[in-house]
Amino acid sequence: MSLIVQKYGGTSVGDIDRIKNVAQRVKETYEAGNQLIVVVSARSGVTNELVARARELDPNPNEREMDMLMSVGEQETIALTAMALHAIGVPAVSRTGMQAGIMTDPAHTRARITEISGGDLKEQLDAGKVVILAGFQGHSNDGQITTLGRGGSDLSAIAIAAAVEADLCQIYTDVDGVYTADPRVVADAIKLDSISYEEMLELASAGSKVMQNRAVEFAQKYNIIFEVRSSFNNNPGTIVKEEAASMEDVVVSGVAIDKNQAKIVVSDLPDRPGTAAKLFQALGAAGISVDMIVQNIGREGKANLTFTVAREDISRAQKAVTESFPDEAAGKLFEASDIAKVSVVGVGMRSHSGVAARLFQALAEDGVNIQLVSTSEIKISVGIEPDDAEKAARVIHIAFKLNK
Ligand code: ADP
Ligand code: ASP
Ligand code: MG
């Protein structure tokens, strides 16, 4: 008998027939003699719809109330999934994040898990029940509902697998696994048999939403090996695990696109030591993460700084910048525009040279203009016009022979 954690994402529980399909799959695993914790997301589209409703009332809604609202979607699907199992003769019981003792810090809408007590989870499993756990939600130590950041049901699954020391952790989604690029954008993308935590983390952080980046970070920290696979067929998925020696032979493992970025230009800043520190401290204090950064050469005592942030952070960034440079704010200090980020990721970059040149050449040949560049040891990202993003992903995919 094994203890298995399965997570089903939004599309997999998107309607009644799909919930029945999930129940059938769970039944098979249960009847094979395993204990099961099933983590479910909200039906696809539900969380977005709730967020949109909140914004109709208030463009900057209170974050505690946002968590109260957003956690509703998962509460619907845990109950329906439990009922679907009852209907086919499988004993099952639903649990909210709070009931399962998923404790977080109080950072509403982006809370971090601090501890998992499990509540009565073990007792329920030992009594022969399948436990259906609400993804995406936890509670702070003053009893408030918190959520774990968008896509956070992945994190719920990995974290509960770590807490109960599960034998197997499976992330069921609407594609067969992790591909060399989003298969909905690059038609000839190839499914990877395995990928290292580090590469998966870079891809997730660069916009591949197949896994939440914080979930991958957690898995790496606690060495939770997991599999990403489809809930619609029985094809083997992608194993995400510690790097193996052979992985370095592949220069680039995947391409990621993030179309939700904004480029911010802050102009006419005083060109002296401490300016950048002051600016980025202000952004950091506002909880905004900055990605690519370019500083222009100063002229006549003035300099411009260009950087990228998530598009939803533009207004908070503007507030932070204008408040920290009040004297300059009267001028044309702050300009934001949409930008897309396209990244190539691969642990092989550590030992192979010429990756940037190949990337830039491929984009040049296709007439894609590069506005910003940033690199890490195993990643190169370029900031480009959003309309060029999908085309860029396709040409890069070919340039690095990822379809072979
Ligand atoms: P779930 O609701 O199951 O959590 P998501 O919609 O969050 O599913 O993530 C799955 C989607 O991620 C896929 O439908 C696919 O379009 C997208 N995706 C982006 N990059 C990749 C990639 N490299 N490999 C597989 N899927 C990807
Ligand atoms: N329902 C949440 C979201 O849409 C969590 C998840 O699906 O993983 O972000
Ligand atoms: Mg997801």
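Numbering of ligands and ligand atoms starts at 1, following listing order. This structure is a prediction, so every number in the text was calculated from the model and none was measured.
Set against the non-hydrogen atoms of Val178, the atoms of ligand 1 under 4.0 Å away are 24 (N). Residue-ligand proximity, Arg184 to ligand 1, at heavy-atom distances under 4.0 Å covers atoms 13 (C), 14 (O), 15 (C), 16 (O). Atoms of ligand 2 found under 4.0 Å from any heavy atom of Glu74 (numbered from 1 in listed order, with element): 1 (N), 2 (C), 5 (C). Atoms of ligand 1 found under 4.0 Å from any heavy atom of Pro183, numbered from 1 in the order shown, are 24 (N), 25 (C), 26 (N), 27 (C). Near Tyr179, meaning under 4.0 Å from any of its heavy atoms, are these atoms of ligand 1: 22 (C), 23 (N), 24 (N), 25 (C).
In terms of protein heavy-atom proximity, atom 7 (O) of ligand 2 is nearest to Ser41 OG, 3.2 Å. Looking from atom 27 (C) of ligand 1 to the surrounding protein, the closest heavy atom is Val210 CB, 3.6 Å. The shortest contact between atom 4 (O) of ligand 1 and any protein heavy atom is with Lys7 NZ, 3.0 Å. At the shortest separation from atom 13 (C) of ligand 1 among protein heavy atoms lies Asp174 OD1, 3.5 Å. In this structure, atom 7 (O) of ligand 1 lies nearest to the protein heavy atom Lys209 O, 3.3 Å. In terms of protein heavy-atom proximity, atom 15 (C) of ligand 1 is closest to Asp182 OD1, 3.4 Å.
Between Tyr8 and Tyr172, the two ring planes are parallel [angle under 30°; tilted spans 30° to 60°].
Closest to atom 3 (C) of ligand 2 by heavy atom, among Arg150, Met70, Lys209, is Arg150. Within the set Ser153, Gly135, Ala215, the minimum heavy-atom distance to atom 8 (O) of ligand 2 is found for Ser153.
The backbone of Ala181, and not its side chain, has at least one atom closer than 4.0 Å to an atom of ligand 1 (non-hydrogen atoms only; backbone = N, CA, C, O).
In this structure, Lys209 contributes its side chain and Gly151 its backbone to no donor-acceptor pair below 3.5 Å. Formation of a donor-acceptor pair under 3.5 Å by the Asp258 side chain with backbone atoms of Lys341 is not found in this model. The main-chain N or O of Ala286 is found under 3.5 Å from a side-chain atom of Arg316 such that the two form a donor-acceptor pair. Thr11 contributes no side-chain N or O that, together with a main-chain N or O of Asp174, makes up a donor-acceptor pair within less than 3.5 Å.
At least one N or O atom of Gly10, backbone or side chain, sits closer than 3.5 Å to an N or O atom of ligand 1. The shortest N/O to N/O separation between Thr173 and ligand 1 falls below 3.5 Å. For ligand 2, the polar-atom distance check against Asp154 finds no nitrogen or oxygen pair separated by under 3.5 Å.
The environment of NZ in Lys241 is sparse: at most 12 heavy-atom neighbours from other residues, nucleotides or ligands sit within 6.0 Å.
Counting heavy atoms from C-beta outward, Val266 and Phe307 have side chains that approach closer than 4.5 Å. At a threshold of 4.5 Å between non-hydrogen side-chain atoms, the residues Gln6 and Val39 do not count as touching. His139 has its side chain out of reach of Ile102: every pair of non-hydrogen atoms, C-beta onward, lies at least 4.5 Å apart.
A heavy-atom separation below 4.0 Å is not found between Gly73 and ligand 2. At a 4.0 Å cut-off, not a single heavy atom of Gly151 sits close enough to ligand 1 to count as contact. Proximity of Gly151 to ligand 2 is established by a heavy-atom distance of less than 4.0 Å. Under a 4.0 Å heavy-atom criterion, Ser41 is not in contact with ligand 1. Taking 4.0 Å as the cut-off, Gly177 counts as a neighbour of ligand 1 on heavy-atom distance.
A salt bridge does not link Arg43 to Glu49: none of the charged side-chain nitrogens sits closer than 4.0 Å to a carboxylate oxygen.
Pairing each heavy atom of Ile224 with each of Tyr197, the nearest pair is O-OH, 2.8 Å.
Of the candidates Ile398, Asn403, Ile396, Ile396 is the only one forming a side-chain contact (heavy atoms from CB on, under 4.5 Å) with Phe400.
Seen from the ring of Phe325, Lys278 counts as a face-on cation partner, given the 6.0 Å and 45° thresholds.
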